[in-house]
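Comments concern the structure below.
Per chain, numbering begins at 1; letters A, B, ... match sequence-line order.
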Amino acid sequence: MANLIEEAKLSIDGLLEKAYKKAVGDGLIPDGGIPQGKVEIPKDTSNGDYAANHAMAGAKTLKLPPRAIAETFVLCMDLTDSYFGSVEMAGPGFLNFRLSDKWFTKVLETIRDEGMDYGRSDEGQNERVMVEFVSANPTGPMTIGNARGGVLGDALASVLDRAGYSVYREFYVNDAGNQVDLFGKSIEVRYLQIIKGEDAVEFPENGYHGDDIKVLAQMIYEKDGEKYLDMDSDARCRAFVEFGLPYNIELMKKHLERYRIHFDKWFLESSLHESGYVEETVKLLEDGGYTYEKDDALWLRNTEFGADKDEVLRRSNGFYTYYAVDIAYHRNKFIERGFDRVIDVWGADHHGHAIRFAASMTAPVLGLQNKKLDFLIMQMVRLVRGNEIVKVSKRTGKALTLNDLMDEIGVDACRFFFNAKPDTHLEFDLDLAIRQDSENPVYYVQYAHARICSLIAAMAEEGHPVPTGSEVNAALLCSEHEHELIKQLAMFTEEIRLAARDYDPSRINRYVTELAARFHRFYTSCRIKDAEPELRDARLVLCDCTEKVIANALDIVGVTAPEKM
RNA sequence: GCGCCAGUAGCUCAGGUGGAUAGAGCAACUGCCUUCUAAGCAGUAGGUCAGGGGUUCGAAUCCCUUCUGGCGUACCA
């Protein structure tokens, strides 16, 4: 449960404080209070492993030039038995620290001790968090937009779990409302077309044009023949929905499991209607005086909560809007099920809703004062084929489905590719994706893992297994490539913490890619097989640690770590 | 019009909440396999960080403004 980066930074704080006290005691610096600065990791390692800017930050209060302060710090600093081997003044007054063998040893020992738990922290203090994601309409197959949301939500949940939160994954099934009615209507027309011929019945403009609807109609026809032909349209549609919806939901479950996403719960929207929970929630808002009637509809005074417009809760036809249902659903998450925090992963086409919705949720009568509702808004995926932009729409039925995509490029590549930074538009080139074999960065990482596994296996066969026990002599691992690799290993916990804090699991992609790069460099420059026994053992331990962290990081993203390639 | 997200190398993108000479992958070019996996490594080339102001020791990063792109602004979800 150690965050080695934080430990190093804290230890620098301690060293600075001691040096400052000594400097004041020796009369080298006025006692104006210890300068408040920041410790960071410089991009360029020639500027040390860690750099502190305290001398620059303290120039004003101490009334001394930054470089003079820095020099005094260097003079008064005692690094004996610390995580650092040297410190020097540089540039405008930076204090540059270089790590010692003690720290490198500590990193490897920590990874050996913690095993697959390495990377975990208690940052989240078991706060109960629900991540709701995908939640695709069950009216058709999932698209590449869901591919992105799926990975982001799932990887975010994994990251939060490792950062010490108690995580729950949920899929919200929109099995009620207009879209579902439209779904039933669409099947109805396809069904009638099978019996009467395609030209006999016109397909509604706003219906679902996808082939999957035809398939459903065909299945119904094969099962029940013309049984529904003379039925009243409403009843017929209801029957078709009762058949089509569960069928689609099962299919989504199957495809998402293939995509390595498992939800703790598939929450049905219809359950909120049936239990009267929507009605009850709206009543709460009415009684609180936050509503008014206009044009036979019931409106929420959303502008009172800072939103840019009011919202309809109950339509003039008596049905509740998705908006009202959403409020009820989220009230249910917090109040009935006791989550402290809820994160909704939504596409950018819902961001307007997210802003207004967040405003509504502050209504005091909902009782959510101590709760956190956050949104992870991901930008759209732009599908291109070469230079041509492919328009995607579920209704027109032209969408590339998630399942097709998994067939084309494989689950690993898919998960790795779509785990990109949420707030940038993602360009997905079909031509490239299909071609993506050895070019794909996911193979670069997997290759590093496979390399280690086969190396370790080969060494074991020669009678040199990875030494057991956690004692490590990292002093032998003294080349630049070895240091760079160990430093990257040490970063894992911190990287997870930041990914959790920023809701950006794509950090893990970048982290593990860099880790693989550093391993490849190490592997090329440092021999293991014919090294001296002690050095060989130390390097085997380093390989072993690297293998575990790569596997662990890939597991977060949901990518397999192959032992052979 | 108003709101949200973005604009960094030919292409796809990083850039740790203001730090030192702006980075990586792909594409291009040049080297490296009789030695642990060449799906790898090393190197060359490639930039007005969209434009313009401002804040300060210091800005790709913060503020203002203009331009460009995506999305939103339904009694659809």
Next item on the list: In whole angstrom, give me the gap between the C1' atoms of B:A45 and B:G3.
Entry: 43 Å

Next item on the list: Using a 4.0 Å heavy-atom cut-off across all strands, classify A:Asp296 as base, sugar-phosphate, or nothing.
Entry: nothing

Note to self: What contact category does A:Thr424 fall into here, base, sugar-phosphate, or nothing, at under 4.0 angstrom with non-hydrogen atoms?
What the structure shows: sugar-phosphate

Margin query: Considering every strand and a 4.0 Å limit on heavy-atom distances, what is the contact class for A:His520: base, sugar-phosphate, or nothing?
Written below: sugar-phosphate

Note to self: Should the side chain of A:Tyr447 and the base of B:A39 be counted as holding a donor-acceptor pair, with the cut-off at 3.5 Å?
What the structure shows: no

Notebook entry, point to check: With a 4.0 Å cut-off on heavy atoms, is A:Tyr523 in touch with a base, just the backbone sugar-phosphate, or nothing at all?
Noted result: base

Notebook entry, point to check: Looking for any heavy atom pair under 4.0 Å, which part of the strands does A:Ala448 touch: base, sugar-phosphate only, or nothing?
Noted result: nothing

Notebook entry, point to check: For B:A77, does either OP1 or OP2 sit under 4.0 Å from a side-chain N or O belonging to A:Arg315?
Noted result: yes

Check: Under the criteria of a ring-centre distance below 5.5 Å and an interplanar angle below 30°, is A:Phe94 stacked with the base of B:A20?
Finding: yes

Note to self: Does A:Ala297 reach a base, just sugar-phosphate, or nothing at all? Heavy atoms under 4.0 Å.
What the structure shows: base

Note to self: Suppose we call a contact any N or O donor and acceptor under 3.5 Å apart; does that hold for the side chain of A:His351 and the base of B:G3?
What the structure shows: yes

Checklist line | Donor + acceptor pair across side chains of A:His330, A:Asp344 (<3.5 Å) | finding: yes

Note to self: Which is more 5' along RNA chain B, the nucleotide nearest A:Arg527 or the one nearest A:Ile377? Just name the residue.
What the structure shows: A:Ile377

Next item on the list: Answer with base, sugar-phosphate or nothing: what part of the nucleic acid does A:Lys564 contact at a heavy-atom distance below 4.0 Å?
Entry: base

Checklist line | C1' atoms of B:A74 and B:U8, separation to the nearest Å | finding: 38 Å

Note to self: Treating A:Asn509 as the side-chain partner and A:Phe416 as the backbone partner, does any N or O pair qualify as donor plus acceptor under 3.5 Å?
What the structure shows: yes

Item checked: Integer-rounded Å distance: B:G70 P and A:Asp423 CG -> 18 Å

Note to self: Heavy atoms only, 4.0 Å cut-off, all strands: where does A:Arg314 land among base, sugar-phosphate and nothing?
What the structure shows: nothing

Check: Mind checking who B:C36 pairs with, Watson-Crick or G-U wobble, both distances under 3.5 Å?
Finding: none

Checklist line | Presence of donor-acceptor pair under 3.5 Å, side chain of A:Thr321 and base of B:C75 | finding: no

Next item on the list: Please state the P separation for the pair B:G7 and B:U61 - nearest whole angstrom.
Entry: 11 Å

Margin query: At less than 4.0 Å, is any side-chain N or O atom of A:Arg510 found next to OP1 or OP2 of B:G23? Yes or no.
Written below: no

Checklist line | Under 3.5 Å donor-acceptor, A:Ser479 side chain and A:Glu482 backbone | finding: yes

Check: C1' atom, B:U56 versus B:A50: distance in rounded Å?
Finding: 25 Å

Checklist line | Separation between the P atoms of B:G47 and B:A42, rounded to whole Å | finding: 23 Å

Margin query: Between B:C2 and B:C41, how many Å separate the two P atoms, rounded to a whole number?
Written below: 50 Å

Notebook entry, point to check: So does A:Tyr444 get a side-chain nitrogen or oxygen closer than 4.0 Å to the phosphate oxygens (OP1/OP2) of B:C41?
Noted result: yes

Margin query: Using every non-hydrogen atom in the two residues, find where A:Arg539 and A:Cys526 come nearest and quote the distance to one decimal.
Written below: CZ-CB, 3.6 Å

Next item on the list: Give none if B:A60 has no partner; otherwise give the nucleotide forming a Watson-Crick or G-U wobble pair with it, both distances under 3.5 Å.
Entry: none

Next item on the list: Provide the Watson-Crick or G-U wobble partner of B:C26, both distances under 3.5 Å; none if there is no partner.
Entry: B:G10

Margin query: Quick check: on RNA chain B, is the nucleotide nearest A:Glu40 upstream (toward 5') of the one nearest A:His350, or the reverse? Name the residue that is more 5'.
Written below: A:Glu40

Check: Any side-chain N or O of A:Lys38 under 4.0 Å from OP1/OP2 of B:U17?
Finding: no

Check: Taking any strand in view, what nucleotide pairs with B:C4 in a Watson-Crick or G-U wobble way, both distances under 3.5 Å?
Finding: B:G70

Margin query: Determine whether the aromatic ring centres of residues A:Tyr447 and A:His520 are separated by less than 6.0 angstrom.
Written below: yes

Next item on the list: Tell me yes or no: between the side chains of A:Asp412 and A:Gln446, is some donor less than 3.5 Å from an acceptor?
Entry: yes

Check: Which part of the nucleic acid, if any, lies within contact of A:Leu313, taking any heavy atom under 4.0 Å across all strands shown: a base, the sugar-phosphate backbone alone, or nothing?
Finding: nothing

Item checked: A:Thr321 side chain vs A:Val312 backbone, donor-acceptor pair below 3.5 Å -> yes

Checklist line | C1' gap between B:C62 and B:U21, integer Å | finding: 23 Å

Note to self: Categorize A:Asn47 for me: base, sugar-phosphate, or nothing, with a 4.0 angstrom heavy-atom threshold over every strand shown.
What the structure shows: base

Margin query: Roughly how many Å apart are B:G15 and B:A20, using the C1' atom of each and rounding to a whole number?
Written below: 15 Å

Notebook entry, point to check: Within the distance-only criterion (no hydrogens, no angle test), does the side chain of A:Asn419 pair as donor or acceptor with the backbone N or O of A:Val557 below 3.5 angstrom?
Noted result: no

Margin query: Counting the atoms with a prime plus P, OP1 and OP2 as sugar-phosphate, which does A:Asn509 contact under 4.0 Å by heavy atoms, base, sugar-phosphate, or nothing?
Written below: nothing

Next item on the list: Check every strand shown and say whether A:Cys543 touches a base, only sugar-phosphate, or nothing at a heavy-atom separation below 4.0 Å.
Entry: nothing

Checklist line | B:U37 phosphate, OP1 or OP2, under 4.0 Å from A:Ser454 side-chain N/O | finding: yes

Check: Can you find an N or O donor on one side and an acceptor on the other, under 3.5 Å apart, linking the side chain of A:Asp349 with the base of B:A77?
Finding: no

Margin query: Mind checking if A:Ala450 touches a base, just sugar-phosphate, or nothing, with heavy atoms under 4.0 Å?
Written below: base

Notebook entry, point to check: Base, sugar-phosphate, or nothing: which does A:Arg536 touch, judged by heavy atoms less than 4.0 Å apart?
Noted result: nothing

